[in-house]
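What you see is a predicted model; the values in this text were computed from it and never measured. By convention in this document, chain letters (A, B, ...) are assigned in the order of the sequence lines, proteins followed by strands, and residues within each chain are numbered from 1.
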Amino acid sequence: MQAAATNASQKERKLTLPDGKALTFATPVTGYDVAKSIGEGLAKAALAAKLNGEVIDLHRPLFADGALEIVTRKSADALDIIRHDAAHVMAEAVQELFPGTQVTIGPSIENGFYYDFGRDTPFTTDDLAKIEAKMKEIVARNESFTREEWPRDEAIQHFEGIGERYKAEIIRDLPATETISVYKQGKWYDLCRGPHLPATGAVGTAFKLMKVAGAYWRGDSKNAMLQRIYGTAWRDQKELDAHLHMLEEAEKRDHRKIGREMDLFHMQEEATGSVFWHDKGYTIWRALENFIRGRIHRAGYQEVKTPQLFDSSLFKASGHWDLYGDNMFKVEAKADEKVFGVKPMNCPAHVQIFNQGLKSYRDLPIRMAEFGCCHRNEPSGAMHGIMRVRQFTQDDAHIFCRADQVEQEALDYFKLQLGVYRDLGFDKINVKLALRPGPNVRLGSDEVWDRAEDGLRNSLRAAGLDFEELPGEGAFYGPKVEFHLTDAIGRTWQCGTLQLDFNLPERLDASYIGEDSHRHRPVMLHRAILGSMERFIGILIEHHAGKFPLWLAPVQVVVATITSDADDYAKDVQKQLEKAGIRVKTDLRNEKINYKIREHSLVKAPQIWVLGKREAEEGKVAIRRLGSDAQEVLALADAIRKITEDSAVPQ
RNA sequence: GCCGACGUAGCACAGCGGUAGUGCAGCGGUUUUGUAAACCGAAGGUCGGGAGUUCAAUCCUCUCCGUCGGCACCA
């Protein structure tokens with residue numbers, strides 16, 4: 001912005017197009033002028049200009065020399081502007097329909113946009129239809145977007161004068177150097193940084209208002225609650241339809257729906273936030289747990305089991321009682337007896353095991369793992385199926401090590417973690433490195449933080465991981481690496497984590513004897529691969545839409561007979577499969593084979609072995625795999641050999 | 001916790017001031033069947049809990065609980 005202002009007065013504009021062609025124009029010149037000089041078609045298609053990487057209004061004078069690109073509907077940048085403009089069109093529609101509603105902010109977001117309105121009465125779903133219709137009118141009116149720059153004080157006065165308190169507040173909080181720009185579309189206008197399309201017609205009609213929701217002003221729960229309307233917007237109807245279709249498909253794989261259909265688990269009012277795992281769901285649980293168990297034992301971890309209830313003194317010492325006491329379950333067994341806390345995490349318990357006996361530097365690192373059941377009294381609104389619950393089991397571990405071992409331990413852990421994700425079918429993982437929070441809320445010296453952050457950074461690079469750094473997002477006791485997975489509906493879930501902690505060993509007085517025969521504090525690495533068993537199984541359900549890989553499937557084979565002639569043979573097949581360690585169910589019911597196939601396919605049995613008179617006589621099985629209607633007829637021994645191979649746990 | 005919507009049979013849903021219906025599942029019977037729904041029959045519900053308004057409440061009002069969509073939170 002500042003650089004732009006300094007050379008805005010130049011007489012000539014030297015521009016380079018994406019194809020490398022250099023052009024010179026007399027000032028003032030706009031993106032539209034340049035497009036027109038190239039061709040009428042381009043000028044017609046042009047939506048905005050991109051000057052040195054910054055998208056600006058098509059009709060705004062180009063304020064600097066450099067690279068120029070004309071943004072059309074085909075450009076990747078177009079979607080963002082369309083969505084942002086859709087938000088403006090929605091705000092205009094709302095203020096036209098509901099006078100007195102205050103505007104606040106309305107950004108473009110993934111897949112669409114939202115706008116937050118200040119208003120006493122919330123919008124109804126009927127209102128959405130009206131607003132959408134009004135938006136289409138505004139698009140049809142094709143009102144031109146025009147940019148104006150206003151003096152700051154006038155802008156504040158103006159918005160306050162018309163009762164737009166939120167807008168006035170926004171301007172007041174803008175840095176003094178920021179230009180105050182206002183965009184007009186027809187009679188309506190809004191404080192906005194831009195850029196915008198040439199006119200509302202360019203928004204098109206490939207948008208749809210999706211839902212109303214409450215949202216706090218400036219994202220702070222201490223502030224007033226605004227009325228947010230979410231919409232989705234696309235470049236054309238085809239894209240919109242595809243998006244809506246994707247949402248429908250995503251809904252079909254909702255873990256709550258599949259969990260019921262496949263009889264995996266349920267939840268009920270008497271135990272809000274806790275899961276009842278049914279036989280089939282708990283089978284998946286055990287398969288997953290044993291898979292992780294195999295991996296961590298090979299990686300040199302020990303496995304422990306620690307108590308659920310602790311005297312409150314332990315959590316007071318660890319600091320959790322003060323910080324998170326409100327979200328802990330507290331137990332008073334008898335009046336006048338001491339108060340217990342149900343553990344909300346396993347770390348203090350693991351330190352207690354570490355503290356048993358004297359540790360030498362030669363003992364380190366100690367990698368202590370636990371499938372630890374924890375309870376947190378999460379806010380009622382936070383609960384979500386089995387993804388966010390009040391009782392959950394972490395695949396937790398704490399690595400006690402020397403400072404000079406941190407980097408190698410972190411690197412080993414990343415490899416372990418990525419291997420697990422790969423074997424579970426996840427390739428796209430977003431890695432984030434949360435760095436030190438503000439100086440008044442963090443513990444430890446800058447040198448310690450430097451070393452900790454550099455250590456994690458180096459380990460991430462050594463593991464070949466791309467990562468995003470999040471300044472200020474670390475825990476008070478140390479930086480953390482977060483691993484985020486994306487579910488079927490596009491929501492992201494933080495699963496794995498590695499956190500460096502210099503604090504807890506100090507508070508709980510953990511120490512080891514160093515080479516110098518003096519006591520030293522170990523560094524503690526907190527880490528979880530899956531995060532929570534509950535959440536991860538939920539993610540797996542949605543990721544696979546219930547069609548689990550064979551090694552995880554709760555029932556791996558259903559043996560289904562065609563007539564009762566095959567019953568004895570079916571029982572024999574079942575026995576042999578069980579002997580081979582395959583999870584098998586047999587269906588001898590007096591039903592048609594069509595009926596059986598349908599029923600077992602609907603609950604996602606990976607394989608159905610169909611047995612009729614023919615198979616019984618020949619000692620064969622007809623295998624039908626989920627998702628295909630092809631049959632493979634094999635001799636029983638071959639079939640068992642094959643499924644044993646195919647259902648092997650990934651090594 | 002906050003804003004909004006919702007809660008009717010095991011599941012999916014309809015009904016909406018005069019004490020409830022459909023489909024599937026379940027149950028009983030008939031059917032022995034070759035790769036995604038055989039046929040017949042009977043049954044199943046204090047309409048989430050509590051209070052209020054009314055001659056009368058599943059329906060209206062209040063309140064509590066829970067679920068869902070967001071927001072905030074997530075050691």
Side-chain angles (χ1 to χ4, degrees), chain A residues 114 116 119-125 127 210-230 251 254 256-257 260-261 263 266-273 315 318-328 343-348 374 376-385 387-390 392 394 475-477 480 482 489 493-494 497 499 501 503-504 526 531-532 535 560-567 588-602 608-615 622-631 633:
Chain A
Y114 69 76
D116 285 346
R119 190 162 190 267
D120 291 336
T121 35
F123 296 106
T124 65
T125 6
D127 293 339
M210 304 298 281
K211 55 200 172 199
V212 286
Y216 295 109
W217 165 236
R218 301 208 144 163
D220 188 334
S221 59
K222 287 195 273 296
N223 290 340
M225 182 146 276
L226 306 171
Q227 302 302 320
R228 175 173 297 181
I229 301 179
Y230 282 98
E251 213 173 296
D254 188 300
R256 292 163 296 204
K257 183 171 140 66
R260 188 170 46 243
E261 287 167 355
D263 192 20
H266 88 272
M267 304 180 83
Q268 68 185 48
E269 221 173 303
E270 289 79 0
T272 3
F315 297 118
S318 71
H320 292 96
W321 194 265
D322 289 339
L323 257 170
Y324 297 106
D326 287 349
N327 291 324
M328 278 180 64
K343 71 173 170 187
M345 41 33 192
N346 307 297
C347 354
C374 298
R376 294 178 188 175
N377 197 358
E378 303 285 7
S380 55
M383 252 104 67
H384 176 91
M387 302 283 214
R388 183 90 182 266
V389 285
R390 288 190 174 137
F392 57 97
Q394 295 178 319
F476 65 92
Y477 51 72
K480 57 181 182 183
E482 302 171 358
I489 316 174
W493 299 98
Q494 188 193 316
T497 180
Q499 305 176 13
D501 185 356
N503 173 50
L504 205 58
H526 306 244
S532 120
R535 166 181 295 190
T561 52
I562 296 171
T563 67
S564 52
D565 294 339
D567 283 5
L588 304 179
R589 289 176 303 170
N590 177 14
E591 296 287 354
K592 295 201 169 204
I593 192 63
N594 286 345
Y595 181 88
K596 294 186 184 180
I597 299 258
R598 177 180 156 81
E599 199 174 274
H600 299 298
S601 299
L602 284 173
I608 300 171
W609 289 13
V610 176
L611 307 184
K613 212 172 161 188
R614 210 151 59 216
E615 286 75 18
I623 301 171
R624 181 190 168 110
R625 293 185 174 80
L626 187 61
S628 157
D629 51 11
Q631 301 174 49
V633 180

- prompt: Is any N or O donor-acceptor pair between the side chain of A:R228 and the base of B:rC3 shorter than 3.5 Å?
  reply: no
A:K596 NZ to B:rA36 P, straight-line distance once rounded to whole Å: 14 Å
message: With a 4.0 Å cutoff (strictly under), does any side-chain N or O of A:H384 reach OP1 or OP2 of B:rC74?
response: no
- prompt: Is A:Y477 touching bases, backbone alone, or none of the nucleic acid, heavy atoms closer than 4.0 Å?
  reply: sugar-phosphate
- line: If pairing means Watson-Crick or G-U wobble with both distances under 3.5 Å, then the partner of B:rU61 is B:rA51
- request: Mark yes or no for whether A:R228, through its side chain, and A:A213, through its backbone, hold a donor-acceptor pair below 3.5 Å.
  value: no
message: Determine whether A:R589 and A:Y595 satisfy the following criterion, side-chain contact (heavy atoms from CB on, under 4.5 Å), listing intermediate values before the conclusion.
response: CA-CA 10 Å; A:R589 289 176 303 170; A:Y595 181 88; 4.1 Å; yes
message: Please check this pair: side chain of A:R535 against backbone of A:M387, looking for a donor-acceptor N/O pair closer than 3.5 Å.
response: yes
- prompt: Under 3.5 Å, is there a donor-acceptor pair between the side chain of A:R119 and the main chain of A:T121?
  reply: yes
field: Separation of A:M267 CE from A:E269 CD (nearest 0.5 Å)
entry: 12.5 Å
Residue A:R376, side-chain heavy atoms: nucleotide from B:rA38, B:rC74, B:rA72 that is nearest: B:rC74
message: What's A:G531 touching, base or sugar-phosphate or nothing? Going by heavy atoms closer than 4.0 Å.
response: nothing
So which protein nitrogen or oxygen atoms get under 3.5 Å of nucleotides 41-47 of chain B's nitrogens or oxygens?
none

field: Whole-Å gap separating C1' (B:rC73) and CG (A:L323)
entry: 14 Å
task: Answer with base, sugar-phosphate or nothing: what part of the nucleic acid does A:T563 contact at a heavy-atom distance below 4.0 Å?
output: base
task: Pick the C1' atom in B:rC3 and in B:rG26, then give their distance to the nearest Å.
output: 41 Å
Spacing of A:E261 atom CD relative to B:rG10 atom C1', expressed in whole Å: 14 Å
message: Between P on B:rC71 and CZ on A:F123, what's the gap in Å once rounded to a whole number?
response: 17 Å
message: So if I take every side-chain heavy atom of A:R624 and compare against B:rU35, B:rA38, B:rC74, which nucleotide ends up nearest?
response: B:rU35
- prompt: A:I597 near the nucleic acid: base, sugar-phosphate alone, or nothing, with a heavy-atom cut-off under 4.0 Å?
  reply: base
message: Students often get this wrong, so: under 4.0 angstrom with heavy atoms, is A:K211 touching a base, only sugar-phosphate, or nothing?
response: sugar-phosphate
query: Checking only heavy atoms, does the side chain of A:R119 share a donor-acceptor pair with the base of B:rC3 at less than 3.5 Å?
result: no
Distance, P atom - from B:rC16 to B:rC11, rounded to whole angstrom: 23 Å
- prompt: Counting only N and O atoms by type, is there a donor-acceptor contact under 3.5 Å from the side chain of A:R390 to the main-chain atoms of A:E378?
  reply: yes
B:rA12: pairing nucleotide in any strand, Watson-Crick or G-U under 3.5 angstrom: B:rU22
message: Quick check on RNA chain B: between A:V212 and A:S601, whose nearest nucleotide comes earlier from the 5' end?
response: A:S601
message: When you measure only distances, ignoring hydrogens and angles, does the side chain of A:Y216 come within 3.5 Å of the base of B:rG1 through a donor and an acceptor?
response: yes
query: Expressed in whole Å, how much space separates the P atoms belonging to B:rA14 and B:rC6?
result: 12 Å
message: Using a heavy-atom cut-off of 4.0 Å across all strands, would you classify A:A215 as base, sugar-phosphate, or nothing?
response: sugar-phosphate
P spacing across the pair B:rA51 / B:rA57, given as an integer number of angstrom: 13 Å
message: Considering every strand and a 4.0 Å limit on heavy-atom distances, what is the contact class for A:G319: base, sugar-phosphate, or nothing?
response: nothing
message: Applying a 4.0 Å non-hydrogen cut-off, can you work out what A:Q499 is touching in the nucleic acid: base, sugar-phosphate, or nothing?
response: sugar-phosphate
- prompt: Got a donor-acceptor pair under 3.5 Å from the side chain of A:R218 to the base of B:rA72?
  reply: no
statement: Pairing partner of B:rC6, by Watson-Crick or G-U wobble and under 3.5 Å for both distances, is B:rG66
- request: Nearest whole angstrom, please: distance from the P of B:rG7 to the CD of A:E269.
  value: 15 Å
Sugar-phosphate only, base, or nothing, as touched by A:P122 at under 4.0 Å among non-hydrogen atoms: sugar-phosphate
message: Using a heavy-atom cut-off of 4.0 Å across all strands, would you classify A:Y230 as base, sugar-phosphate, or nothing?
response: sugar-phosphate
field: Protein-nucleotide distance (A:E378, atom CD; B:rA72, atom C1'), rounded to Å
entry: 13 Å
task: Can you tell me, in whole Å, how much space there is between the P of B:rU58 and that of B:rA9?
output: 15 Å
field: Distance, C1' atom - from B:rG29 to B:rG21, rounded to whole angstrom
entry: 26 Å
message: Side chain of A:L626 only, heavy atoms from C-beta on: which candidate in B:rG26, B:rA36, B:rU32 is closest?
response: B:rA36
Could you list the protein-to-nucleotides 12-15 of chain B atom pairs, N/O on both sides, closer than 3.5 Å?
{"from": "B:rA12", "atom 1": "OP1", "to": "A:R260", "atom 2": "NH2", "distance (Å)": "3.1"}

message: Whole angstroms only, please: what is the CD-P distance between A:Q394 and B:rC74?
response: 15 Å
statement: Taking a pair to mean Watson-Crick or G-U wobble geometry with both distances below 3.5 Å, B:rC71 pairs with B:rG1
query: Of the nucleotides B:rG70, B:rG34, B:rA36, which one has an atom closest to the side chain of A:A622?
result: B:rG34
task: Name the nucleic acid region contacted by A:K613, choosing base, sugar-phosphate or nothing; use a 4.0 angstrom heavy-atom cut-off, strictly under.
output: base
message: Please determine whether the number of non-hydrogen atoms from other residues, nucleotides or ligands lying under 6.0 Å from atom CG of A:D220 exceeds 12.
response: yes
message: Any strand counts, and the cut-off is 3.5 Å on both contacts for Watson-Crick or G-U wobble. Which nucleotide pairs with B:rC39?
response: B:rG29
message: Counting only side-chain heavy atoms from C-beta out, which of B:rG34, B:rA38, B:rA37 sits nearest to A:E591?
response: B:rA38
statement: Nearest heavy-atom approach of A:L626 to A:S601 is CD1-O, 3.7 Å
- request: Kindly say whether A:K596 contributes a backbone atom to a donor-acceptor pair with the side chain of A:E599 at under 3.5 angstrom?
  value: no
query: Angle class for the A:W321/A:F315 ring planes (parallel below 30°, perpendicular above 60°, tilted otherwise)?
result: parallel
task: Give one of base, sugar-phosphate or nothing for A:A560, where a contact means two heavy atoms less than 4.0 Å apart.
output: nothing
task: Output yes when A:D254 and A:R256 qualify as a salt bridge under the 4.0 Å nitrogen-oxygen rule, no when they do not.
output: yes
message: Would the base of B:rG34 count as contacting A:E615 through its side chain, where contact means a donor and an acceptor less than 3.5 Å apart?
response: yes
query: Want to settle it: does A:C347 or A:S380 sit nearer the 5' end of RNA chain B, counting the closest nucleotide to each?
result: A:S380
message: Quick check for you: among B:rA75, B:rC74, B:rA36, whose closest atom lies nearest to any side-chain atom of A:Y324?
response: B:rA75
- line: Between CD1 of A:I229 and P of B:rA5 the distance, given in whole Å, is 14 Å
message: So if I take every side-chain heavy atom of A:I562 and compare against B:rA75, B:rG34, B:rA72, which nucleotide ends up nearest?
response: B:rG34
- request: Can you tell me, in whole Å, how much space there is between the P of B:rC71 and that of B:rG15?
  value: 31 Å
query: Quick one: is B:rC68 close enough that its OP1 or OP2 comes under 4.0 Å of any side-chain N or O from A:R256?
result: yes
- request: Check every strand shown and say whether A:L226 touches a base, only sugar-phosphate, or nothing at a heavy-atom separation below 4.0 Å.
  value: nothing
